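Please read all numbers here as calculations on a predicted model, not as lab measurements. Just so you know, ligand 1 is whichever comes first in the structure, and atom 1 is the first atom listed for that ligand.
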Amino acid sequence: MTNLLLAIESSCDETAGAVIDVETGKILASLVSSQIALHREHGGVVPELACRNHSLDLPPLIARLVEESGVKLKDFRGFAATRGPGLASSLLVGFAYSKGLATSTSRPFFGINHLEGHLLSPFLDNGETLPEIPPHLSLIVSGGHTLLIEVRGHRDYHLLGQTLDDAAGEAFDKVGRLLGLPYPGGPEIEKAAKSGDPTAFDFPRALRREGNYDFSFSGLKTSVRYTLEKLPQPQASLADLCASFQAAVCEILVEKALAAAKSKSLPMITLSGGVACNQSLQNRFRKACASHNLVFRAAPPDLTTDNAAMIALAAAYACKNSLEDILSLGIDPNLKLA
Ligand code: KG4
Ligand code: ZN
């Protein structure tokens, strides 16, 4: 038997697999088969399409992964898959496949919380050993979640705040649609914002003075819609609209994360999830953390959006701490992290 573990991620519209060395935390192979182009014509993810394509894409992806890692299936140390949260039909495909591999090889199985994968992704450093998870403030910003988590160590997670309505990524996608940009809106808005003025429009920063760590982005989206309706030529202001919207989202994320880290005396902030690849957001965090003497760590750029390397890393920690799951465990589309 080797130290290699194979992990599958299929919670939404990316079919992904990765192989990790559980002792060192090194990723040996990581493949993502994206369905974005497929869902783009529908303006968002269509669950039935996602599920069907996971079923088609997963077997050849796993075959390639096994070939790339140069190890026979029977020699893997264990298998893992995302257990939730996510789309039920999508989760089922990867989860059942991975459990099948574990059963047929009599190896342990690890059902992983997708959000724990995001949370740990800033610690994927391909070093010599799995790094200790230090106390820190984790901000997870994805298409489905906006969470502020106090992390005290591995599996010691405490929810401090979350969005009360739309997730940050969801807000980017909905505003992208309002502006006539292709799905997903996040990267498109970031691109257009580069040549825009972030102070051109004064969009709201919700729950700013409430003294809690919750977020709300649906009012911001509505404000963009009203602004658009009043503009005689919205397309002429596209860059300014994008830059101003992006500034409103980023500013409130940085402000609340900083306040939470300070109030809990946490010396580090980590940023993960799809929205974390936004460079304007990263730059704001880098600046704010530097001026408040906090360490800042973001997930590597290719591992911010959904991937299996982060699921493999979470499984490596679970394996190291002998936290294998029973095979009767099922998926949980509403699985909570804390
Ligand atoms: O983590 P992820 O791949 O999937 C979920 O678990 O939800 O996140 C996808 C989200 C989408 O809403 C997408 O618009 C957003 O991440 N995103 C971005 C950027 N790249 C992806 N948002 C802002 N700026 C970006 N550059
Ligand atoms: Zn995700």
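Interface atoms of ligand 1 facing T305, defined by a heavy-atom separation under 4.0 Å, are 3 (O). Heavy-atom proximity to G143, at under 4.0 Å, picks out these atoms of ligand 1: 5 (C), 7 (O), 8 (O), 9 (C), 10 (C), 12 (O). Close approach of ligand 1 to G144 is summarised as follows: ligand atoms under 4.0 Å from at least one heavy atom of the residue are 7 (O). Near G169, meaning under 4.0 Å from any of its heavy atoms, are these atoms of ligand 1: 12 (O). Which parts of ligand 1 touch C277 is read off a 4.0 Å heavy-atom cut-off, strictly below it: atoms 19 (C), 20 (N), 26 (N). Every atom of ligand 1 with a heavy atom of P184 under 4.0 Å away is listed here by number and element: 14 (O).
Residue contacts with ligand 1 for V275 involve both N, CA, C or O and side-chain atoms from C-beta outward (heavy atoms, distance under 4.0 Å). For H118, every heavy-atom contact with ligand 1 shorter than 4.0 Å involves the side chain, none the backbone. Of all the heavy atoms of H145, none lies under 4.0 Å from any atom of ligand 1, so neither backbone nor side chain is involved.
The single protein non-hydrogen atom nearest to atom 3 (O) of ligand 1 is D306 N, 2.9 Å, given as residue, atom name and distance. Closest to atom 24 (N) of ligand 1, if we only count protein heavy atoms, is N278 ND2, 3.0 Å. Distance from atom 13 (C) of ligand 1 to its nearest protein heavy atom, with residue and atom name: D173 OD1, 3.7 Å. Among protein heavy atoms, the minimum distance from atom 22 (N) of ligand 1 is reached at G186 CA, 3.4 Å. Summary of contacts: the protein heavy atom closest to atom 17 (N) of ligand 1 is G274 O, 3.5 Å. Atom 26 (N) of ligand 1 has its closest protein heavy atom at E190 OE1, 2.7 Å.
The heavy-atom pair separating S272 from S121 by the smallest distance is CB-OG, 3.6 Å. Taking every heavy atom of both residues into account, A80 and L5 meet most closely at CB-CD2, 4.0 Å. For A260 against L137, the heavy-atom pair with the smallest separation is CB-CD2, 3.9 Å.
Salt-bridge check for R208 with E251: passed, with a basic side-chain N closer than 4.0 Å to an acidic carboxylate O. A salt bridge does not link R64 with E67: every distance from a Lys NZ or Arg NE/NH1/NH2 to an Asp or Glu carboxylate oxygen is 4.0 Å or more.
In this structure T146 satisfies the side chain to side chain contact (heavy atoms under 4.5 Å, CB included) test together with V141, T163, A167, A168, F215, F217, L253, sequence neighbours excluded. Under the side chain to side chain contact (heavy atoms under 4.5 Å, CB included) criterion, T24 pairs with D21, K26, sequence neighbours left out.
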Trace of the side chain to side chain donor-acceptor pair (under 3.5 Å) decision for K256 with N212:
CA-CA 8 Å; K256 293 226 171 191; N212 61 24; 3.2 Å; yes

Before you tell me yes or no, could you show the steps for E116 and Y157 under side chain to side chain donor-acceptor pair (under 3.5 Å), namely the whole-Å CA-CA distance, both residues' side-chain angles and the distance that decides it to 0.1 Å?
CA-CA 9 Å; E116 186 184 36; Y157 312 138; 2.7 Å; yes

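Here the side chains of V249 and N278 are not in contact, with every heavy-atom distance at 4.5 Å or above. Within the 4.5 Å cutoff, no side-chain heavy atoms of K287 are placed close to those of R284.
Note: no N/O pair closer than 3.5 Å links G273 and ligand 1 by distance alone. Of the polar atoms of G185, none of the N or O atoms is found under 3.5 Å from an N or O of ligand 1, judged by distance alone.
At a cut-off of 2.8 Å, measuring from the Zn ion (ligand 2), the protein N, O or S atoms that fall short of it are H114 NE2, H118 NE2, D306 OD1, waters left aside.
Cluster partners of V66 are L4, L6, I8, V19, L28, L31, L58, L61, I62, L65, V71, L73, F76, F79, V93, Y97, L101, counting Ile, Leu, Val, Met, Phe, Trp and Tyr whose side-chain heavy atoms approach within less than 4.5 Å, directly or via other members.
A donor-acceptor contact under 3.5 angstrom links the side chains of H114 and E9, judged on distance only. Counted by atom type alone, T2 and D75 present zero donor-acceptor pairs between their side chains at under 3.5 Å.
At least one donor-acceptor pair closer than 3.5 Å links the side chain of D173 to the backbone N or O of G185.
Among A193, P187, C12, G86, the residue whose heavy atom lies nearest to atom 19 (C) of ligand 1 is P187.
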